Amino acid sequence: MLDKRQFYIDGQWVAPLAGTDRAVIDPSTEQPFATISLGGQADTDFAVAAARAAFPSWRTSTKAQRIDLVRSIFDVYMRRSDEMGAVISREVGAPLEMSKTQQARTSSSHFTGFLDALETFEFERPLRPDTPHDRILCEPIGVAALITPWNWPMKQIVLKVIPALASGCTAVLKPSEQAPLSAMLFAEIMHEAGVPAGVFNLLNGDGPGVGAQLSGHRDVDVVSFTGSTDAGRAITRAGADTVKRVRLELGGKGANMIFADAHESAVPNGVMRCFNNSGQSCNAPSRMLVEQSRYAQAVEEAKATAEAITVGGTSEVGPHIGPVVNAAQFDKIQTLIASGIKEGARLVAGGLGRPEGIEQGFYVRPTVFADCTPDMTIMRTEIFGPVLSMMAFDTEDEAIAIANDTDYGLTNYVQTANPGRAQRISRELRSGMVEINEQRRSTGAPFGGMKQSGTGREGGIWGLEEFLEVRAISGWPAD
Ligand code: NAD
């Protein structure tokens, strides 16, 4: 059993002041393998005080100093990225190879996105060339509380910690209690890279404890949160008394609209994308809408794809999906699969219970429902497991209406060979991101949602702006 009952505060590893113990469970065995501490109010106050004390000095650091620091962190991070992949694999159950490549190594694009943004970003500038006496100052907001989820733990941490520090804020990171060990390794990386004491602090804790304490803390100026929409609401309420800046990256229920003229692998690719990371992605295309003339064939293709997916342990080699993260998530997914069956969706692959031959671990059968209707629970709730809901549509307008008929608005997907249609639909979709014909977003593009998928935009210049306050000075003396 690993003993990880420590926090990283003010440049050193410290024992908790008020913590309670919590076991970290391996999702593929259901067995505990490490113990962490969940901090209490005294720990929160200590970490926030350290960040507050470091702020006056870090706030005045130059852009060149911040670029140098981000580069150093990036270097150490890349050197230790396989180690990071192994830690993430154990705590969230992602297959080892996938964890090293997708979970750990792809965070590198966020580093480069922020470095590029920093190079060009003007923290101080005239309002316009013809207004030399109007000066715009983009200044760090102050102490940032960064609260992250477990599903892509390192991407979420890099997407918050790096822009917070790059913009001149100091930070207290509270990672998910489900994925605390990767965050502790990240703190080691920060230490090795020479981050000044107090500029970055790490505190483990749960939502009602450290999460709530940070969200309402008088000395926290901005909360950047990624996680469920329910927790986002609670954090917004907790921050209201002190009018905190609150940035929210919340859940999703993405639609993948497949037209008859879509490329031939659109359906299998859509299924695989939905089931990647065992379906635990905020931007998973979990509703597949297929044009009527291609629908029957699409259901057969989705069934075959799902049935060909193997489910297995983290150390197994080859393409497969791992377990979901914990018992609560496993139970929630089972309840939602049962609701799909009860509400009359047609189960074409997978279903209730663990995959055949697996007795232990939070493994879920890759599941496909056909003939869904927009009112069904499985079409409205973020399932966060390998479960796909399919339905047919007749017209472009109908497809858009179904896609937009959700409280969420994170990412939608369009597959068509018709460029005019792709553009029309993209303009009509109420989501922060649209992906046409499997073209991924480039480094530095903003990631974030509309409606109840959140208010924030992460990555590149938009990610820096989340941590900046814009000030206007008039009467600025000429140089
Ligand atoms: P969660 O909301 O349960 O927890 C996320 C984090 O918030 C954890 O650190 C948790 O301890 C903390 N937390 C929970 N309740 C809190 C409270 N009342 N006050 C303060 N902190 C609190 O979410 P999760 O299960 O860890 O992650 C899955 C969710 O995250 C899904 O809904 C997914 O869509 C969402 N997500 C969104 C994005 C995005 O960029 N939009 C990315 C990844 C995950």
Side-chain angles (χ1 to χ4, degrees), residues 22 27 36 38-39 44 91-92 103 107 110 145-160 172-180 182-183 202-217 220 223-240 244 246-254 274 276-286 324-333 336 362 381-385 406-411 431-433 441 445-459 462-463 466:
R22 177 186 160 109
I36 58 159
L38 303 178
T44 304
E91 66 188 1
V92 305
Q103 287 277 10
S107 297
H110 299 314
L146 312 175
I147 303 178
T148 53
W150 48 265
N151 62 325
W152 292 96
M154 208 33 59
K155 284 190 190 184
Q156 308 310 332
I157 286 173
V158 169
L159 273 170
K160 292 193 191 305
V172 178
L173 167 66
K174 191 211 83 63
S176 168
E177 59 276 34
Q178 202 62 60
S182 52
L202 164 89
L203 194 53
N204 279 322
D206 60 13
V210 173
Q213 289 155 13
L214 285 171
S215 317
H217 205 288
V220 168
V223 181
S224 176
F225 170 73
T226 299
S228 62
T229 299
D230 280 345
R233 285 188 195 100
I235 287 167
T236 306
R237 280 193 288 268
K244 266 186 226 326
V246 177
R247 317 297 191 213
L248 302 173
E249 299 284 344
L250 309 177
K253 190 72 187 170
C274 176
N276 189 34
N277 204 34
S278 302
Q280 303 168 119
S281 299
C282 51
N283 58 354
S286 54
V324 298
V325 76
N326 57 25
Q329 197 58 29
F330 180 85
D331 292 344
K332 177 187 164 198
I333 296 165
L336 284 160
F362 305 118
T381 308
E382 185 186 45
I383 299 175
F384 234 55
T406 167
D407 289 337
Y408 295 110
L410 193 57
T411 314
S431 56
M433 295 164 286
R441 298 157 48 255
F447 189 105
M450 294 168 73
K451 302 196 281 183
Q452 292 184 31
S453 286
T455 56
R457 291 292 177 273
E458 293 193 318
W462 290 271
E466 301 258 272

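These figures come from a predicted structure and were not determined experimentally. Ligands are counted one by one from 1 in listed order, and the atoms in each one are counted from 1 as well.
- Nearest protein heavy-atom contact of atom 32 (O) of ligand 1 is Glu382 OE1, 2.6 Å.
- Put simply, the side chain of Lys174 gets close to the backbone of Gly205: a donor and an acceptor are under 3.5 Å apart.
- Between Gly205 and ligand 1, no pair of N/O atoms sits closer than 3.5 Å.
- For Trp150, the closest heavy-atom approach to ligand 1 falls below 4.0 Å.
- A salt bridge links Lys160 with Glu458: the distance from a Lys NZ or Arg NE/NH1/NH2 to an Asp or Glu carboxylate oxygen falls below 4.0 Å.
- With a 4.0 Å cut-off on non-hydrogen atoms, Leu250 touches ligand 1 through its backbone and not its side chain.
- For atom 28 (C) of ligand 1, the closest non-hydrogen atom on the protein side is Phe384 CE2, 3.6 Å.
- Between Glu177 and ligand 1, a contact under 3.5 Å exists for at least one N or O pair.
- Numbered from 1 in the order shown, with element, the atoms of ligand 1 that lie under 4.0 Å from a heavy atom of Phe447 read 39 (C), 40 (O).
- For the pair Ser228 and ligand 1, the shortest N or O to N or O distance falls below 3.5 Å.
- Residue contacts with ligand 1, taken as heavy atom pairs separated by less than 4.0 Å, involve Thr148 solely via the backbone atoms N, CA, C and O.
- Atom numbering of ligand 1 starts at 1 in the shown order; those under 4.0 Å from a heavy atom of Asp206 are 11 (O).
- In the vicinity of Ala212, heavy-atom distances shorter than 4.0 Å reach the ligand 1 atoms 19 (N), 20 (C).
- Using a 4.0 Å cut-off to heavy atoms of Ile147, the atoms of ligand 1 that qualify are 6 (C), 7 (O), 9 (O), 12 (C), 21 (N).
- Contact annotation for Gln156 and ligand 1: only side-chain heavy atoms (C-beta onward) come within less than 4.0 Å of the ligand.
- The presence of a protein heavy atom under 4.0 Å from atom 4 (O) of ligand 1 is ruled out.
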Working for side-chain hydrogen bond (donor to acceptor under 3.5 Å, both in side chains), residues Glu91 and Ser182: CA-CA 8 Å; Glu91 66 188 1; Ser182 52; 2.5 Å; yes
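- When non-hydrogen atoms are compared, ligand 1 lies under 4.0 Å from the side chain of Ala234 (C-beta onward) but not from its backbone.
- Of the candidates Ala284, Gly227, Pro149, Gly227 brings a heavy atom nearest to atom 29 (C) of ligand 1.
- Counting heavy atoms under 4.0 Å from ligand 1, residue Pro175 touches it through the backbone alone.
- Among the atoms of Ser215, none of the N or O lies under 3.5 angstrom from an N or O of ligand 1.
- Proximity of a side-chain donor or acceptor of Asn204 to a complementary backbone N or O of Leu38 within less than 3.5 Å is not detected.
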